[in-house]
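Here is the structure we will look at, set down as structure tokens.
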Amino acid sequence: ETGVTQTPRHLVMGMTNKKSLKCEQHLGHNAMYWYKQSAKKPLELMFVYNFKEQTENNSVPSRFSPECPNSSHLFLHLHTLQPEDSALYLCASSQGREAFFGQGTRLTVV
Amino acid sequence: GENVEQHPSTLSVQEGDSAVIKCTYSDSASNYFPWYKQELGKRPQLIIDIRSNVGEKKDQRIAVTLNKTAKHFSLHITETQPEDSAVYFCAASIKGSARQLTFGSGTQLTVLP
């Protein structure tokens with residue numbers, strides 16, 4: 001059903017750990033995004049990549065590091081996170097008007 | 001930057017009644033306004049959108065209206081059904097596309113049978 005696949009679906013990590021979230025899209029889109037979804041808050045745009053080039057970085061702390069090796073893959077590298085970083089991290093891709101979202105990674109920082 | 005306010009945060013209606021969700025935006029340059037539906041445990045999905053050159057758009061039981069002067073837009077769902085229960089997000093974009101979408105905080109709609 002989905003053209004945007006995220007792994008893992010759930011992740012628990014300690015504050016000193018380093019982990020990575022992966023996103024893959026099979027839709028041929030040229031733009032990919034990372035969003036953070038916290039309870040009762042708007043979806044927060046974190047990063048935008050267009051044709052593998054980062055075009056937006058919405059004041060995201062450096063403990064979040066994105067990587068886009070090609071138009072189909074997007075990573076979010078995590079290190080020294082804080083408990084308040086616990087949230088659902090959604091990847092999305094687009095070619096025009098519509099953003100297609102992945103299922104998200106539920107991240108818990110302990 | 002753009003700021004999108006969405007109200008109400010929760011809304012309960014009886015099956016068959018109508019539901020209305022309202023959003024306001026701050027940047028008069030915004031020209032694209034989509035609505036996304038997120039069912040419990042699922043990904044957000046686009047259900048309807050409107051561009052700034054149109055005042056109203058309908059798709060079966062859902063409609064969106066836009067008032068550019070007042071900088072607000074609304075989602076209307078008629079003849080609500082239990083499967084309409086979900087979180088609905090409005091958004092605004094100045095780029096006329098999915099780029100740089102600013103989302104509202106969401107409305108949890110519950111349709112009571």
Side-chain angles (χ1 to χ4, degrees), chain A residues 1-7 9-10 21 23-51 53-60 68 71 74 87-106, chain B residues 1-11 21-27 30-54 57 59 64 86-109:
Chain A
E1 175 237 333
T2 176
V4 182
T5 305
Q6 288 186 245
T7 54
R9 293 291 308 278
H10 301 272
L21 310 184
C23 177
E24 186 173 0
Q25 58 102 355
H26 307 278
L27 301 169
H29 292 167
N30 55 24
M32 296 188 76
Y33 315 79
W34 280 115
Y35 282 89
K36 177 182 178 182
Q37 185 175 26
S38 304
K40 301 189 188 295
K41 286 188 176 182
L43 281 162
E44 300 173 53
L45 180 63
M46 300 174 71
F47 301 103
V48 180
Y49 277 83
N50 188 34
F51 290 106
E53 299 297 321
Q54 184 175 315
T55 58
E56 303 282 350
N57 176 345
N58 285 2
S59 303
V60 179
C68 189
S71 295
L74 186 64
L88 181 69
Y89 288 85
L90 288 163
C91 172
S93 70
S94 75
Q95 184 69 18
R97 296 183 309 174
E98 183 174 355
F100 290 80
F101 286 88
Q103 294 270 31
T105 295
R106 174 68 63 186
Chain B
E2 175 67 282
N3 182 48
V4 177
E5 300 279 345
Q6 183 171 348
H7 300 281
S9 57
T10 60
L11 177 61
I21 302 170
K22 299 182 179 182
C23 289
T24 60
Y25 61 99
S26 61
D27 192 337
S30 288
N31 59 6
Y32 173 62
F33 307 92
W35 287 87
Y36 283 78
K37 175 183 179 183
Q38 187 177 25
E39 296 178 41
L40 187 63
K42 296 191 176 181
R43 73 197 73 212
Q45 290 189 297
L46 179 70
I47 56 171
I48 194 168
D49 57 13
I50 191 168
R51 292 190 175 277
S52 58
N53 58 348
V54 176
K57 184 177 178 180
D59 183 2
V64 58
V87 178
Y88 291 82
F89 293 95
C90 64
S93 170
I94 63 171
K95 298 190 177 181
S97 72
R99 310 269 175 86
Q100 198 62 43
L101 281 172
T102 300
F103 283 87
S105 54
T107 296
Q108 173 68 62
L109 173 65

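Basis for what follows: all heavy atoms, side chains included, without hydrogens, waters or symmetry-related copies. We name chains A, B, ... by the order of the sequence lines, and we start the count at 1 in each one.
Only the side chain of A:Leu90 has a heavy atom closer than 4.5 Å to any heavy atom of chain B. Interface remark: A:Glu44 contributes no atoms to any contact with chain B (heavy atom separation under 4.5 Å). When heavy atoms are compared at a cutoff of 4.5 Å, A:Phe100 does not approach chain B at all. For chain A, no part of B:Pro34 is nearby; none of its heavy atoms comes within less than 4.5 Å. Heavy-atom distances place no part of B:Gln6 under 4.5 Å from chain A, backbone and side chain included.
Classification of the B:Phe33-B:Tyr25 ring pair by plane angle, with boundaries at 30° and 60°, yields tilted. The aromatic rings of A:Phe101 and B:Tyr36 stand perpendicular to each other, their planes meeting at an angle above 60°, with 30° marking the opposite boundary.
The backbone N or O of A:Asn30 lies less than 3.5 Å from a partner atom in the side chain of A:Gln95, making a donor-acceptor pair. Judged by distance alone, with hydrogens and angles left aside, the side-chain atoms of A:Gln37 form no donor-acceptor pair with the main-chain N or O of A:Leu88 at under 3.5 Å.
Within 6.0 Å of NZ in B:Lys22 there are 12 or fewer heavy atoms belonging to other residues, nucleotides or ligands.
Top candidate by heavy-atom pairs under 4.5 Å with chain B, chosen from A:Ala99, A:Gly104, A:Ser94, is A:Ala99.
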